[in-house]
Enquirer: 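Below: one structure in structure tokens.
One is the number of the first residue; the rest follow in order along the sequence.
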Amino acid sequence: MKRLYIGVLSIFIVMTMCSFLSADDLMYKCIVKNVYVLNDDGSLKNSNMEKEFKGSEFSVSRISGEIVGKVLPTLMANSTKVINKGNESYSFKSVAEFDAVNKPLSNGSEDAVSTASLQLLEIQIFQQGAIKPFVAMSMGGAGIVTGTCECGK
């Protein structure tokens, strides 16, 4: 009975929230401007993937940190988490954790420790104006990605 009550209450809360917030209020829409990789000397250089990714769009859930799009997708992530929701003083920050174990492209011999990877995203929502800069670092993925985001564009 208690589970039923909690389930009904949860559905009511979600439906109530959805009536006040549109889907656009729950996400950031971002456009990629640059893609960098690390040089052997420790400096950054433009990635070979920049031509493919520049101008690409992706969406970020402000609730879960999940990312949908050609660049920085988290569909295959083990987990995503919003570290800081951000406000007029702080950035939105999220992290996604990946490993190759039991994934569709896995060859079956990987282990979670040696294939572990992180993806970090920061959107500087404290900046003035509707367009906010972002930086993301995808270790084992796209590299360092920069661009701009808007809330619910």
Side-chain angles (χ1 to χ4, degrees), residues 10 13-14 16-18 20-153:
S10 298
I13 290 170
V14 169
T16 303
M17 285 177 52
C18 290
F20 293 112
L21 298 173
S22 71
D24 286 344
D25 293 328
L26 300 176
M27 69 174 49
Y28 293 106
K29 295 200 178 192
C30 305
I31 298 174
V32 174
K33 305 284 183 178
N34 299 98
V35 182
Y36 303 101
V37 293
L38 193 60
N39 250 332
D40 292 341
D41 67 1
S43 64
L44 295 175
K45 68 177 181 177
N46 290 79
S47 170
N48 294 334
M49 294 190 289
E50 185 169 83
K51 290 179 184 176
E52 180 183 349
F53 291 151
K54 191 171 187 169
S56 294
E57 295 183 9
F58 61 90
S59 297
V60 182
S61 166
R62 295 173 69 182
I63 306 300
S64 67
E66 293 175 345
I67 300 174
V68 176
K70 183 176 183 179
V71 182
L72 307 170
T74 59
L75 179 65
M76 301 295 282
N78 294 51
S79 67
T80 60
K81 181 178 180 181
V82 173
I83 303 299
N84 191 333
K85 292 183 180 186
N87 58 31
E88 62 277 347
S89 301
Y90 298 99
S91 296
F92 169 91
K93 295 175 186 165
S94 66
V95 62
E97 297 179 75
F98 298 83
D99 69 47
V101 178
N102 299 318
K103 300 291 174 33
L105 301 178
S106 169
N107 67 18
S109 65
E110 298 91 351
D111 66 89
V113 174
S114 61
T115 62
S117 183
L118 288 176
Q119 180 172 286
L120 309 170
L121 171 67
E122 176 188 26
I123 303 172
Q124 296 182 347
I125 64 169
F126 61 85
Q127 297 286 351
Q128 295 295 315
I131 298 174
K132 314 294 185 180
F134 82 82
V135 61
M137 183 171 63
S138 180
M139 296 175 229
I144 297 174
V145 181
T146 63
T148 57
C149 299
E150 287 186 75
C151 180
K153 179 181 169 187

Enquirer: Using only atom types and a distance under 3.5 Å, with no angle test, would you say the side chain of Asp99 pairs donor to acceptor with the backbone of Asn78?
Expert: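 The answer is no, because no donor-acceptor pair under 3.5 Å joins these two groups.
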Enquirer: What's the spacing between Ile144 CD1 and Leu38 CG if we round to 0.5 Å?
Expert: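 Ile144 atom CD1 to Leu38 atom CG measures 7.0 Å (nearest 0.5 Å).
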Enquirer: Would you say the side-chain atoms of Lys85 pair up with the backbone N or O of Arg62, donor to acceptor, closer than 3.5 Å?
Expert: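 No; zero donor-acceptor contacts below 3.5 Å.
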Enquirer: Using side chain to side chain donor-acceptor pair (under 3.5 Å) as the criterion, list what pairs up with Ser59, not counting sequence neighbours.
Expert: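 Residues passing side chain to side chain donor-acceptor pair (under 3.5 Å) with Ser59: none at all.
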Enquirer: Counting N and O atoms only, with roles assigned by atom type, does the side chain of Ser91 sit under 3.5 Å from a partner on the main chain of Lys93, one being a donor and the other an acceptor?
Expert: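 No; judged by distance alone, with no hydrogens or angles, the pair does not exist.
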Enquirer: Does Thr80 reach the main-chain N or O of Ser64 with its side chain, forming a donor-acceptor pair under 3.5 Å?
Expert: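 A pair under 3.5 Å: yes.
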Enquirer: So among Ile67, Val95, Val145, which one has a side-chain contact (heavy atoms from CB on, under 4.5 Å) with Gln119?
Expert: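 Only one option passes, and that is Ile67.
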Enquirer: Considering non-hydrogen atoms only, spot the tightest contact between Val60 and Cys30 and give its length.
Expert: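 For Val60 and Cys30, the tightest heavy-atom pair comes out as CG2-SG, 4.2 Å.
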Enquirer: Do other residues, nucleotides or ligands put more than 12 heavy atoms under 6.0 Å from Met137 CE?
Expert: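 Open.
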Enquirer: Give a yes or no on whether Asp40 atom CG has more than 12 heavy-atom contacts from other residues, nucleotides or ligands under 6.0 Å away.
Expert: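 Open: at most 12 neighbouring heavy atoms sit under 6.0 Å from CG of Asp40.
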Enquirer: Rounded at 0.5 Å granularity, tell me how far NZ in Lys29 sits from OG1 in Thr148.
Expert: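 It is 13.5 Å, given to the nearest 0.5 Å.
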Enquirer: Ignoring hydrogens, what is the shortest heavy-atom contact between Ser61 and Val82? Give both atom names and the distance.
Expert: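 In terms of heavy atoms, the two residues are closest at O-CG2, 4.4 Å.
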Enquirer: For the pair Ser117 (side chain) and Phe98 (backbone), establish whether a donor and an acceptor sit closer than 3.5 Å, ignoring hydrogens and angles.
Expert: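 Not a single qualifying donor-acceptor pair exists.
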Enquirer: Applying ring pair (Phe, Tyr, Trp, His ring centres under 6.0 Å), which residue pairs with at least one partner in residues 63-82 are found, sequence neighbours left out?
Expert: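 Ring pair (Phe, Tyr, Trp, His ring centres under 6.0 Å) check on residues 63-82 returns no pairs.
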Enquirer: Identify the two heavy atoms, one from Pro133 and one from Gln127, that lie closest to each other, and give their separation to 0.1 Å.
Expert: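 Nearest heavy atoms, Pro133 then Gln127: CD-CG, 3.8 Å.
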Enquirer: Could you grab the distance from atom SG of Cys151 to atom CD1 of Ile131, nearest 0.5 Å is fine?
Expert: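 That separation rounds to 13.0 Å.
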Enquirer: Of all heavy-atom pairs between Ile123 and Cys149, which one has the smallest distance, and what is that distance?
Expert: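 That closest heavy-atom pairing would be CD1-SG, 3.8 Å.
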Enquirer: Please determine whether the number of non-hydrogen atoms from other residues, nucleotides or ligands lying under 6.0 Å from atom CG of Asn39 exceeds 12.
Expert: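 Correct, the count exceeds 12.
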Enquirer: Once you round to the nearest 0.5 Å, how far does OG of Ser47 lie from CD of Glu52?
Expert: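 The distance works out to 9.0 Å.
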Enquirer: Please find the pair of heavy atoms, one from Ala142 and one from Val37, that lie closest to each other, and give the distance.
Expert: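 Residues Ala142 and Val37, closest heavy atoms: O-CG1, 4.5 Å.
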Enquirer: Considering non-hydrogen atoms only, spot the tightest contact between Lys33 and Glu50 and give its length.
Expert: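 The answer is O-OE2, 4.2 Å.
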Enquirer: So which pairs with a foot in residues 54-97 pass ring pair (Phe, Tyr, Trp, His ring centres under 6.0 Å), sequence neighbours left out?
Expert: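 Checked against ring pair (Phe, Tyr, Trp, His ring centres under 6.0 Å) - neighbours excluded - the pairs reaching residues 54-97 are Tyr28-Phe92, Phe58-Phe134.
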Enquirer: Is any side-chain heavy atom of Asn46 less than 4.5 Å from a side-chain heavy atom of Tyr36?
Expert: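 The answer is yes, as the side chains (C-beta and beyond) meet within the 4.5 Å cut-off.
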Enquirer: Using the side-chain hydrogen bond (donor to acceptor under 3.5 Å, both in side chains) rule, take Ser79 and Glu97 through it: C-alpha gap first, then chi angles, then the decisive distance, then the call.
Expert: CA-CA 5 Å; Ser79 67; Glu97 297 179 75; 3.2 Å; yes
Enquirer: Between CD1 of Ile31 and CD of Glu150, what distance do you get to the nearest 0.5 Å?
Expert: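 With rounding to 0.5 Å, CD1 (Ile31) is 7.0 Å from CD (Glu150).
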